[in-house]
Amino acid sequence: MELRYASHPDDVKSYDTTKLRKEFLIENLFIEDEISLVYSLYDRFIAGGAMPVTRELILESADELKSEYFLERRELGIINIGGAAEIKAGDLIYELGFKEALYLGKGTGKVVFKSVDPRKPARLYLNSAPAHHAYSSGKITLADAEIVVLGNTESSNHRTVNKLLVNSVIQTCQLQMGMTELKSGSVWNTMPVHTHNRRMEVYFYFEVPEKQAICHFMGGPDETRHIWMKNEQAVLSPSWSIHSAAGTSNYTFIWG
């Protein structure tokens, strides 16, 4: 688990490209037979990935959490962007297919990730937030999601928003997750740009075609910065920052 400190918006104005990428970009989420996590001091949010191939992966606590097990005082959202997964959570076992989500509530015991077929490994994108109450765990498919279609082709932002782990679908404490799919010919997301002081976010971009890229915009509304990103990378978005992107192709992203 890598620790990332929070940054003051006035300080970020002086960051060069290397510093911006070091502080906000999460580059290597999926490493074979590993769980890779970033613990951000923005809202103590954790983002990461698990890619079980030849063995099961156990989600263990870390020194930063000061807990006996990972979900002792946290909740967890999982969205699978790879092959079928088997997830053991306490005494329960869940099968998670492509673009399916799983919510695990506070107090869930041992969590173990496994790929059903090692030749088609699962790629489990993980978001976790502190939790003050224990809500029931549950699996959410795209059929269960709250779906909204926004934008249009003329403004290059025709997109489908799949609200997966939100309180209108499944009860959570702080964590909210969804997946936005841009239609062919559309490249812009989250317009008009805005900020919201009550929460930070993490954006994970995937289904970015080979040799294409995403330009993520951040910073204050009157003094923006940008970070170029590749497929299957994530970026931290502080509450004081705008959060928008344009790609050289259409793409899909998960917001948490």
- [ ] Decide yes or no on side-chain contact (heavy atoms from CB on, under 4.5 Å) for L236 and I26, but give the supporting numbers first.
- [x] CA-CA 8 Å; L236 302 173; I26 305 174; 4.1 Å; yes

Task: Derivation and outcome, side-chain contact (heavy atoms from CB on, under 4.5 Å), residues E56 and K88 - done: CA-CA 10 Å; E56 296 181 346; K88 300 176 184 177; 3.4 Å; yes

Task: Candidate pair K99 and E181, rule side-chain contact (heavy atoms from CB on, under 4.5 Å), full reasoning - done: CA-CA 11 Å; K99 290 186 177 179; E181 300 171 297; 2.6 Å; yes

Open item on the list: M218 vs L20, test: side-chain contact (heavy atoms from CB on, under 4.5 Å). Steps then yes/no.
Closed with: CA-CA 10 Å; M218 62 165 295; L20 277 174; 4.2 Å; yes

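When only modelled atom types and interatomic distance are considered, Y15 and S7 share a side-chain donor-acceptor pair under 3.5 Å. No side-chain N or O of S237 forms a donor-acceptor pair with one of E201 less than 3.5 Å apart. No hydrogens or angles considered: a donor-acceptor pair under 3.5 Å links the side chains of T248 and Q212. Between the side chains of S155 and N157, at least one donor N or O sits under 3.5 Å from an acceptor N or O.
The line from CD1 of I78 to CG of L59 is 8.0 Å long, rounded to the nearest 0.5 Å. How far OG1 of T18 is from CZ of R21: 8.5 Å, rounded to the nearest 0.5 Å. Atoms OG1 and CG, on T54 and L57 in that order, are 8.5 Å from each other to the nearest 0.5 Å. Annotation: the span from K106 atom NZ to S137 atom OG amounts to 12.0 Å, rounded to 0.5 Å. Between the CG atom of N167 and the CG atom of L175 there is a distance of 9.5 Å, given to the nearest 0.5 Å. A distance of 12.5 Å separates CD of E27 from NZ of K22, quoted to the nearest 0.5 Å.
Using a 4.5 Å cut-off on side-chain heavy atoms (C-beta onward), I147 and T160 make contact. Counting heavy atoms from C-beta outward, F70 and T108 have side chains that stay 4.5 Å or more apart. For the pair Y103 and I140, the minimum side-chain heavy-atom distance is 4.5 Å or more. Looking only at side-chain heavy atoms (C-beta outward), S61 and E68 stay at 4.5 Å or farther from each other. Residues R199 and Q176 have side chains not in contact (no heavy-atom distance under 4.5 Å, counting atoms from C-beta outward). For the pair I214 and Y251, the minimum side-chain heavy-atom distance is below 4.5 Å. Counting heavy atoms from C-beta on, the side chains of M179 and N162 come closer than 4.5 Å. Contact check for L164 versus E100: no side-chain heavy atoms found under the 4.5 Å cut-off.
In this structure, Q233 contributes its side chain and K230 its backbone to a donor-acceptor pair below 3.5 Å. Side-chain atoms of S128 never come within 3.5 Å of backbone atoms of I46 as a donor-acceptor pair (strictly under, hydrogens ignored). Although no hydrogens or angles enter the test, the distance criterion places a donor-acceptor pair under 3.5 Å between the side chain of D117 and the main chain of R119. Of the possible polar contacts, none joining the S156 side chain to the V187 backbone as a donor-acceptor pair under 3.5 Å is found. Counting only distance, with no hydrogens or angles, the side chain of R73 and the backbone of L65 share a donor-acceptor pair below 3.5 Å. A donor-acceptor pair under 3.5 Å links the side-chain atoms of S115 to the main chain of A122, judged by distance alone. Between the side chain of K114 and the main chain of P52, no donor-acceptor pair closer than 3.5 Å is present. Judged by distance alone, the side chain of S239 and the main-chain N or O of M200 form no donor-acceptor pair under 3.5 Å. Listed for the N189 side chain is a donor-acceptor partner under 3.5 Å among the backbone atoms of A245. Distance alone, capped at 3.5 Å, places no donor-acceptor pair between the R159 side chain and the W188 backbone.
Residue Q174 comes nearest to P130 through the heavy atom pair NE2-O, 2.9 Å, listed as atom of the first residue, atom of the second, then distance. Between M51 and I31, the closest heavy-atom pair is CB-O, 3.6 Å. Summarising the geometry of P221 relative to T195, their closest heavy-atom pair is CG-CG2, 4.2 Å, with the distance given to 0.1 Å. Scanning all heavy atoms of the two residues, the minimum distance from S244 to V193 falls at CB-CG1, 3.4 Å. Summarising the geometry of I35 relative to A50, their closest heavy-atom pair is CG1-CB, 3.9 Å, with the distance given to 0.1 Å. The minimum heavy-atom distance between L71 and L76, with the atom names listed, is CD2-CB, 3.7 Å.
Under the salt bridge (charged side-chain N to carboxylate O under 4.0 Å, His left out) criterion, K120 pairs with no residue, sequence neighbours left out.
I79 and L142 fall within a single hydrophobic cluster, where Ile, Leu, Val, Met, Phe, Trp and Tyr are joined by side-chain heavy atoms under 4.5 Å apart, directly or via other members. Note: the hydrophobic cluster containing I81 does not contain I87 (ILVMFWY, side chain heavy atoms under 4.5 Å, direct or indirect links). No path of Ile, Leu, Val, Met, Phe, Trp and Tyr side chains, each step under 4.5 Å between heavy atoms, connects V235 with W228, placing them in separate hydrophobic clusters. Linking ILVMFWY residues whenever their side-chain heavy atoms come closer than 4.5 Å, directly or via other members, places F30 and L25 in the same cluster. Tracing side-chain contacts under 4.5 Å through hydrophobic residues (I, L, V, M, F, W, Y), one reaches L29 starting from W255; they form part of the same cluster.
Other residues, nucleotides and ligands place more than 12 heavy atoms under 6.0 Å from the CG atom of D11. The number of heavy atoms from other shown groups lying within 6.0 Å of CD (E32) does not exceed 12.
Aromatic ring pairs are classed by plane angle as parallel below 30°, tilted from 30° to 60° and perpendicular above 60°; the pair H216 and Y203 is tilted.
Within the structure, the ring pair (Phe, Tyr, Trp, His ring centres under 6.0 Å) test picks out the following pairs touching residues 107-143 (sequence neighbours left out): Y125-F204, H133-Y135.
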